[in-house]
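Residue numbering restarts at 1 for every chain, and letters A, B, ... go by the order of the sequence lines. Since we're looking at a predicted model, the values are computed, not measured.
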Protein chains: 2
Amino acid sequence: MSENNKIGTYNFVAEPFHVDFTGRLTLGVLGNHLLNCAGFHATERGFGMAELNEENYTWVLSRLAVDMDEMPLQYEPFSVQTWVENVYRLFTDRNFAILDKDGRKIGYARSVWAMISMQTRKPIDLLAINGGDIVNYVCDEPCPIEKPSRIKVMATEPVASLTAKYSDIDINGHVNSIRYIEHILDLFPLEKYRTQRIRRFEMAYVAESYYGDTLSFFLDDDGNDVYGVEVKKNGDETVCRAKVIFE
Amino acid sequence: MSENNKIGTYNFVAEPFHVDFTGRLTLGVLGNHLLNCAGFHATERGFGMAELNEENYTWVLSRLAVDMDEMPLQYEPFSVQTWVENVYRLFTDRNFAILDKDGRKIGYARSVWAMISMQTRKPIDLLAINGGDIVNYVCDEPCPIEKPSRIKVMATEPVASLTAKYSDIDINGHVNSIRYIEHILDLFPLEKYRTQRIRRFEMAYVAESYYGDTLSFFLDDDGNDVYGVEVKKNGDETVCRAKVIFE
């Protein structure tokens, strides 16, 4: 297979309700697009969510790191390229490039996914699915950003908390992956976004949370505009951890 | 001009992060699509936001009513048609039809818009813009749903309140029109959405709210699964009113 066939390219426009007060695409919406592109790319190649659901398998997002030079402005077209970097027995690395309207790369993202059985919630051997066909899509396109790091948060007092509501819940009955990003971005004052922007955002998804769960947000200021965030449900169980780097 | 040219048709797919736990498109996302279609349709005909912004005029959404027989399921294609029903001096009525993957009409929406000067915040005479050209787009396509009604809410104690955060704020520095819908839907317990669905949702946008404003939600149960909601900012100023009808 040629390297070109291994890369999926998808076109978008930064819609009015998808930009923040600075007129730039929000990170939550970009994350949504990235995850959709992952789905499109996998579906077109026979290992998408819909195909897997028939076998009662589903993809689970484990890590996401997004590193942007700039964000598209309102009404600007942009595109997302995605490809599979590695396939291991229990995880696969999927990378992304974000291109502006002129085809210039304005950012990259890395993600790590596992596949689980929806019945047992146990991981599935990726190399055993469809005879390991996914390996044929591995592509050596460069993704010149750091891999997701280990995130450790030391804060013991939450800076915010909320109850998971109807709008937070996805078709699986979980708080959706994008909502966590939005809630985490809401920890920072608007004033910060006026003079700075998010250079890099990392997420480690650890456990699911559900309707009615109390989500508490713990925030470390690591200095140099690097922040660690941990989201816990109902007091003590970690749901996800994020690293947010402003510039 | 033929009637066909007056109607804009736009295609969508119900994306995974745009459906709720029942697997159906959320009303907030549908509302977002409707407002985008309004923008596309107006822009293609020379009276869109971007054109107006150059003159420092902008469209302001005053009323929205959405009435749905059913919502698209996850991954289902659907389309939105939109057209101008009436143009008055200070308001225009824009209608919508929502079509399922087979082209069957599954719902309709009505909206009322004004145009204001961003400098003076005063309304602009629509019949004086571009020589009243917008009148040439008036179309008599049927929209067999009720017009937005007058909404009156009597409750004196709020059932919920929140502070407007970064993710709520749009490019104009206001809490965005769609976020109000999401916050209002979040007033109802998940259990209600498990056995019922929203038949009709009406919104009257009264005033803008801003970052840091405290939004309080007042809820009337009018019986027969009809609810009135009023959103006030900072104690007493009405921001918007909604009517939510379940079935």
For the candidates A:Gly173, A:Pro189, A:Ser167, which exhibits the highest count of non-hydrogen atom pairs separated by less than 4.5 Å from chain B?
A:Ser167

Ordered numerically, the heavy-atom neighbours of chain A under 4.5 Å found in residues 190-208 of chain B are B:Leu190, B:Tyr193

All heavy atoms of B:Ala155 vs all of B:Asp220, minimum pair found to be N-OD1, 2.9 Å

Check whether B:Arg179 gets within reach of chain A through its side chain, its backbone, both or neither, counting any heavy atom under 4.5 Å.
side chain

Can you name the nearest heavy-atom pair linking B:Arg45 to B:His41, along with the distance?
NH1-O, 3.1 Å

Do the non-hydrogen side-chain atoms of B:Phe12 and B:Pro72 ever get within less than 4.5 Å of each other?
no

Counting only heavy atoms closer than 4.5 Å, note whether B:His183 contacts chain A via side chain, backbone, both or neither.
neither

By a 4.5 Å heavy-atom criterion (distance strictly below it), what part of A:His174 contacts chain B: side chain, backbone, both, or neither?
neither

Distance-only side-chain donor-acceptor flag, B:Tyr211 / B:Thr163, under 3.5 Å
no

For each of B:Asp168, B:Thr26, B:Leu162, B:Asn176, tally heavy-atom pairs with chain A at distances under 4.5 Å, and name the one with the top tally.
B:Asn176

Taking B:Glu230 first and then B:Arg241, would you say they form a salt bridge - that is, a charged N and a carboxylate O separated by under 4.0 Å?
yes

With a 4.5 angstrom heavy-atom cut-off, which part of B:Asp20 approaches chain A: side chain, backbone, both or neither?
both

Taking atom types as modelled, find out whether A:Arg63 and A:Ser111 have a side-chain donor-acceptor pair closer than 3.5 angstrom.
no

Using a cut-off of under 4.5 Å for heavy-atom pairs, which of A:Asn172, A:Asn32, A:Val19 has the most such pairs with chain B?
A:Asn32

Test salt bridge (Lys or Arg N to Asp or Glu O under 4.0 Å) on A:Glu237 and A:Lys232; report intermediate values, then the result.
CA-CA 5 Å; A:Glu237 192 185 345; A:Lys232 294 185 182 178; over 6 Å; no

Is it the case that over 12 heavy atoms from other parts of the model lie below 6.0 angstrom from the CD atom of B:Glu157?
no

Tell me, with the steps shown, if B:Thr43 and A:Tyr75 meet side chain to side chain donor-acceptor pair (under 3.5 Å).
CA-CA 11 Å; B:Thr43 298; A:Tyr75 297 122; 5.9 Å; no

